[in-house]
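A, B, ... follow the sequence lines: proteins, then strands. Residue 1 opens every chain.
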Amino acid sequence: MRTATRVIGYGALLSALAGPGLAPAAAEQLVFDVTVLAAACANCHGTDGRSPGSIPSIAGRPESILNKQLQAFKSDTPPAGTTVMGRLTKGLSDEQIAALARHFSQIALSQPRQEASKQ
Amino acid sequence: MSQPSNFSRRHWLATLGKASAAGAVLMMAPSYARAAGGKVVVIGGGFGGATAAKYIKRRNPAIDVTLVEPAKTYYTCPFTNLYFGGLRTFEQQGHGYDELRAMGVKVVHDYASDINTRGKTVSLAGGDTLAYDKLLLSPGIDFRWNALEGYDEAAAERAPHAWKAGDQSVLLKKQLESMRDGGTFVMVAPANPFRCPPGPYERVSMVAHYLKQNKPKSKILVLDSKDAFSKQGLFQAGWDRFYGDLIEWVPMSKDGKVVRVDAANLSVESEFGEIHKADVLNVIPPQKAGVIAEKAGVTNESGWVPVKHQTFESERVADVYVVGDATVAAPMPKSGFSANAQAKVAAAAIVNALAAKPNAEPAFANTCYSLIAPDYGISVAHTYLLKEGKLAEASGGVSPADADDGFRKLEAEYGESWYKAIALDTWGTQA
């Protein structure tokens, strides 16, 4: 019962995530891949959310803080000093924000040395 | 004596195991030679191509990725305007390919001269032929020489476009530096669509900054083939504030459209016959997709490349993906940011297709920062989604008109930080 609920819950989450991008008439079922969504953040926040400049890094920050911050950007009264993030988060669903917050919270801020040489 | 049946059975299973493992290795050997994860050729080492090569490798290191790019150092158009403003050196916009090589991307410094999409091969000017399972083109733009009368490759040596970063940028900078105080810098701005919609106006801002510092009696005349441009209100407010009447912008409706260029005399003629004489003449000509796209048969009658926005695979030719300025991707602008974002979507699509996995929902964003003066930046930022398979704006807009100086300074800083981030994300280079 619990498992079934969870499966249904997960399914609902997936369709909610896929929702805005999927045309109702589209024959093809698209899957939600958070790494594809998150890749759009790297252009400014750095690959995997590790910023080389004054734009803040988002890798390794607590999930709840990232979620709260993204929701604050998205709100009608974004925090003082908000520049592009208000404009960029308005198009994100709550489910997308939750997925992004979880994704970046799970990435270590500093890149392990071996991984660094691979990338 | 007969061995215990248990032993025999185990022995037989073990032998079978070894045999089938060996068999599997033997059977797989030829396909390993052809690349276990598939073979991808990427043409063009700019924002789109370098990003695609990197993200394909990140997603599946088993895929054999070859990047074809003639230049050993790629110079970006973004931030080259700051070079004209005297705020950066030209070399600061250069990026090499060592980091991509370290990731396992085969980088070939050659020119892709032809593509056979039936045989799935790419011919290189150096004589080699590359086979592919999936091809990704990020060819950028080429110019429609003579579409603007009198403006061809030879004319560009006298009246530079500087719309591909390189020798042309250095030439324009030299001309600007040797211009007399009191001279006129004339820019001919193109009709839509063209690479980097806010680019001409950021260039005007940076040239104005240079002239104000060094040759304050000079003037800038912008002759435009359109009546509106990207971030127009913000640019014009910034121009009024910092440069006053140093800049004059003439829209198409006020006879701004140039129909003829006389490069030898550094003069241009407008639609209604007015002749404008320049001391430095910067002509940004009409554009089309890079020529290799034509050879691949992926362009349409407009000269640009229609793509399926879900994957950025060509609408016309299977297994050929095209990203960046060459594509028809409005409302996404032709920008380095867009090319990088599209390349990541195409990379995921290619990796999934090679593994016979379903496509992922794409995600697109674009932010273009422009610098009007040092510490005074503006931006346009959007996210996009698919509506019935076509790109549409999900959210976004330009910087507020009433923002204070602190906001503009922050956007100037973020612009610089953006450049560092995207250089690292695209080439793995420190900028």
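- Counted within 6.0 Å of CZ on B:R88, heavy atoms from surrounding residues, nucleotides or ligands total more than 12; the atom is thus considered enclosed.
- Only the backbone of A:T82 has a heavy atom closer than 4.5 Å to any heavy atom of chain B.
- Each of B:F47, B:Y55, B:F364 has some count of heavy-atom pairs under 4.5 Å with chain A, and the biggest count is that of B:Y55.
- In the displayed structure, B:E416 atom CD is contacted under 6.0 Å by at most 12 heavy atoms of other residues, nucleotides or ligands.
- Among A:G81, A:G46, A:A42, A:G53, the residue with the largest count of heavy-atom pairs under 4.5 Å with chain B is A:A42.
- In terms of heavy-atom pairs under 4.5 Å with chain A, the best-connected choice from B:A403, B:G396, B:G336 is B:G396.
- With respect to chain A, the highest number of heavy-atom pairs below 4.5 Å among B:K57, B:E411, B:Q430, B:H382 belongs to B:E411.
- Cation-pi geometry between A:R50 and A:F104 is not met: the NZ or CZ atom fails to fall both under 6.0 Å from the ring centre and inside 45° of the normal.
- The existence of a salt bridge linking A:E63 and A:R102 is confirmed by a sub-4.0 Å separation between a basic side-chain nitrogen and an acidic carboxylate oxygen.
- Between B:I56 and the options B:V105, B:V65, B:D64, a side chain to side chain contact (heavy atoms under 4.5 Å, CB included) holds for only B:V65.
- If you measure heavy-atom distances from A:S51 to chain B, the contacts under 4.5 Å come from the side chain alone.
- If you tally non-hydrogen atom pairs under 4.5 Å between each of B:A392, B:A431, B:S379, B:P61 and chain A, the highest count goes to B:S379.
- Using a 30° and 60° split on the angle between ring planes, B:W418 and B:Y369 fall in the tilted class, from 30° to 60°.
- Ring geometry for B:W427 versus B:H95: interplanar angle under 30°, hence parallel rather than tilted (30 to 60°).
- For B:T383, the parts lying under 4.5 angstrom from a heavy atom of chain A are both the backbone and the side chain.
- Contact annotation for B:L410: only side-chain heavy atoms (C-beta onward) come within less than 4.5 Å of a heavy atom of chain A.
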